[in-house]
Number of protein chains: 2
Amino acid sequence: MINPTKPFFLFANCEIKYSGRARSTLEKGNYVIIRKFDGTLMIHGSTLLKPLNFQPPGATITDNGKIISIRNKESIEIIIFSIIHYYEINDWSNNKIILQDTESDLREQVIKNISLYFKNVKEIHQEFKTRFGPIDLLVIQTDDTNNVIELKRGRAGISACTQVERYLKTFQNKVCGFIMSPTITKGALEYAKTHDITYVAVNFLR
Amino acid sequence: MINPTKPFFLFANCEIKYSGRARSTLEKGNYVIIRKFDGTLMIHGSTLLKPLNFQPPGATITDNGKIISIRNKESIEIIIFSIIHYYEINDWSNNKIILQDTESDLREQVIKNISLYFKNVKEIHQEFKTRFGPIDLLVIQTDDTNNVIELKRGRAGISACTQVERYLKTFQNKVCGFIMSPTITKGALEYAKTHDITYVAVNFLR
DNA sequence: CCATAGATCTCGCTG
DNA sequence: CAGCGAGGTCTATGG
């Protein structure tokens, strides 16, 4: 029996059934099962980053012979045949990771060097709200040209182009579309060229 | 010292630095560290489903006082202050999960009942290739009307609309756009209505 | 709550 | 290998 009130690491021979947004079965085998303070449950196989089965934070657990984890209308049933290793985790830290070089960092960088890209800048808006979603960066020039900029921290794809197009539609006139990213896919570049979207390469300055 | 040739579970007081696509630091604390057969490395805090730090399959590891995991040009450095629990995982299974009710299942279901949605169907293509990506479902009627259908297993959003629009552009004429999903967001429905895209509600039949 | 989009996305598939 | 899209996406953020 496991203690449902404590986070744990469990290595067990078991079989797993999931039902909720979708349905799944995992055949009998030896799997790693981890439960966290917030209810998070993960079942890991010996390869891949993603868990085979999981419950996001908020799940509750019971152990009456088989372990059952429930969250909203989703349930995971773990039929345990034998426990190989059980470890209760105490004093588990909950610090946040500090991440640099996100899309938001790239946006800050572009704003700081905005004169490299646009002349006569009157206004800069970040996450400018439109009825079709927020524009990463909206740069308005003194002649009232609206420059709609979509930033991508990695390689921009076709969907970045359609994102820009969608935001462009919320303006009547005097509007230009841009994609700014370190790289862009071939298909996206073709789409941009044929749809009046300008691609600008930008890199993280470290 | 850990054994780099074996998968393991490690609970340790440590500090972590990551450098690669982005950069991050994780302050000193007690974290769960798991390494898999395929090189996968995960550092988990006491909450949330996703690891604080990670390396996808293919990473190699060394332990000379501090653990360093490297994959392509990315590295994770784990400075260990003390090992609280170390467990070497043997006979870890590698079975795949069998998932039902995916988008592909929904597509099969729609095809089986295609007469409910379209009359005089001549051809049905799945994942029909265009230069702007593959169309989930292309239904051609005897009058040569091309029905471009985008399926979503969950709630369709605005991006589903622009996906359809993008595929529509690869046809000259006789083309109609559809979104089929159990539900749709308000914004997406408004966008669809004003852009000549038809929304059709479909549910998983169990 | 819902909606929207980012992510060190991951992962699978196809060319 | 690149490109494209799904995902039980998850997670953060704003309305």
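Throughout, a chain's letter reflects where its sequence line sits, starting with A, and its residues are numbered from 1.
Here C:dT8 presents its P atom at 9 Å from CD1 of A:Ile97, a figure rounded to the nearest Å.
As judged by a 4.0 angstrom heavy-atom cut-off over every strand, A:Leu52 is placed among residues making no nucleic acid contact. Within 4.0 Å of A:Ile158, counting heavy atoms only, lie sugar-phosphate atoms of the nucleic acid but no base atom. As judged by a 4.0 angstrom heavy-atom cut-off over every strand, A:Arg155 is placed among residues touching the sugar-phosphate backbone only. No engagement by B:Ile135 is indicated, since no non-hydrogen atom pair under 4.0 Å with the nucleic acid exists. Counting non-hydrogen atoms under 4.0 angstrom, A:Glu150 reaches the backbone sugars and phosphates but no base. Residue contacts shown for B:Gly133 are limited to sugar-phosphate atoms, with no base heavy atom under 4.0 Å away. If you check every strand for non-hydrogen atoms under 4.0 Å, B:Gln163 touches sugar and phosphate atoms only. Across all strands, B:Gly157 comes closer than 4.0 Å to no nucleic acid atom at all (heavy-atom distances).
Looking at B:Gln141 and B:Asn147, their side chains do bring a donor and an acceptor atom within 3.5 Å of each other. When only modelled atom types and interatomic distance are considered, A:Gln55 and A:Lys36 share no side-chain donor-acceptor pair under 3.5 Å. Residues A:Lys169 and B:Tyr191 have side chains that bring a donor and an acceptor to within less than 3.5 angstrom of each other. For the residue pair B:Asp105/B:Gln100, the side-chain donor-acceptor check at 3.5 Å is not satisfied. Checking A:Asn30 against A:Asn13 by side-chain atom types alone, a donor-acceptor pair falls below 3.5 Å.
D:dG8 and C:dT14 are spaced 25 Å apart, taking the C1' atom of each and rounding to whole Å. Look at the P atom in both C:dT8 and C:dT4: the space between them is 23 Å, to the nearest Å. The same atom, C1', is picked in C:dT10 and in C:dG6; the two are 14 Å apart, to the nearest Å. For the C1' atoms, the distance from D:dT9 to D:dG5 is 12 Å, rounded to whole Å. Using atom C1' as the reference point in both C:dC9 and C:dA5, the two lie 12 Å apart (nearest Å).
B:Glu88 meets the side chain to side chain contact (heavy atoms under 4.5 Å, CB included) test with B:Asn3, B:Lys6, B:Tyr86, B:Asn90; sequence neighbours excluded.
The stretch residues 182-197 of chain B comes close to DNA chain C through B:Thr185, B:Lys186, B:Gly187, each having a heavy atom under 4.0 Å from the strand. The stretch residues 101-109 of chain B touches DNA chain D through B:Thr102, B:Glu103, each having a heavy atom within less than 4.0 Å of the strand.
Shortest non-hydrogen contact noted between A:Val32 and B:Trp92 is CG2-CZ2, 3.4 Å.
In this structure, the side chain of B:Asp38 does not engage the main chain of B:Pro57 through any donor-acceptor pair within 3.5 Å. In this structure a side-chain-to-backbone donor-acceptor pair under 3.5 Å is missing from B:Glu77 to B:Lys66.
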Could you run through nucleotides 9-15 of chain C and give me one letter per nucleotide, 5' to 3': B if any protein heavy atom sits under 4.0 Å from the base, S if only the sugar-phosphate is that close, - if neither? SBSS-SS

One pair to check against ring-ring contact (aromatic ring centres under 6.0 Å, His included): B:Phe9 and B:Tyr87. What are the steps and the verdict? CA-CA 5 Å; B:Phe9 166 90; B:Tyr87 175 71; 7.7 Å; no

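Between A:Arg107 and A:Glu127 a salt bridge is recorded (basic side-chain N to carboxylate O distance below 4.0 Å).
Between A:Phe128 and A:His125, the ring planes lie perpendicular to each other; the angle is over 60°, past the 30° to 60° tilted range.
Nucleotides of DNA chain D that come within less than 4.0 Å of any heavy atom of chain B span, from the 5' end to the 3' end, D:dC4 to D:dA12.
When the nearest nucleotides of DNA chain C are assigned to A:Glu127 and A:Gln100 by heavy-atom distance, the more 5′-ward of the two goes with A:Glu127.
For A:Tyr167, a side-chain nitrogen or oxygen approaches OP1 or OP2 of C:dA5 to under 4.0 Å.
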Let me check something: any side-chain donor-acceptor pairs from residues 171-181 of chain B under 3.5 Å, sequence neighbours excluded? List them with distances.
{"from": "B:Lys174", "atom 1": "NZ", "to": "B:Asp143", "atom 2": "O", "distance (Å)": "2.7"}
{"from": "B:Ser181", "atom 1": "OG", "to": "B:Thr183", "atom 2": "O", "distance (Å)": "2.7"}
{"from": "B:Ser181", "atom 1": "OG", "to": "B:Tyr199", "atom 2": "OH", "distance (Å)": "3.4"}

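Residues A:Phe132 and A:Tyr167 keep their aromatic ring centres 6.0 Å or farther apart.
Around the NZ atom of A:Lys193, the shell of radius 6.0 Å holds no more than 12 heavy atoms that belong to other residues, nucleotides or ligands.
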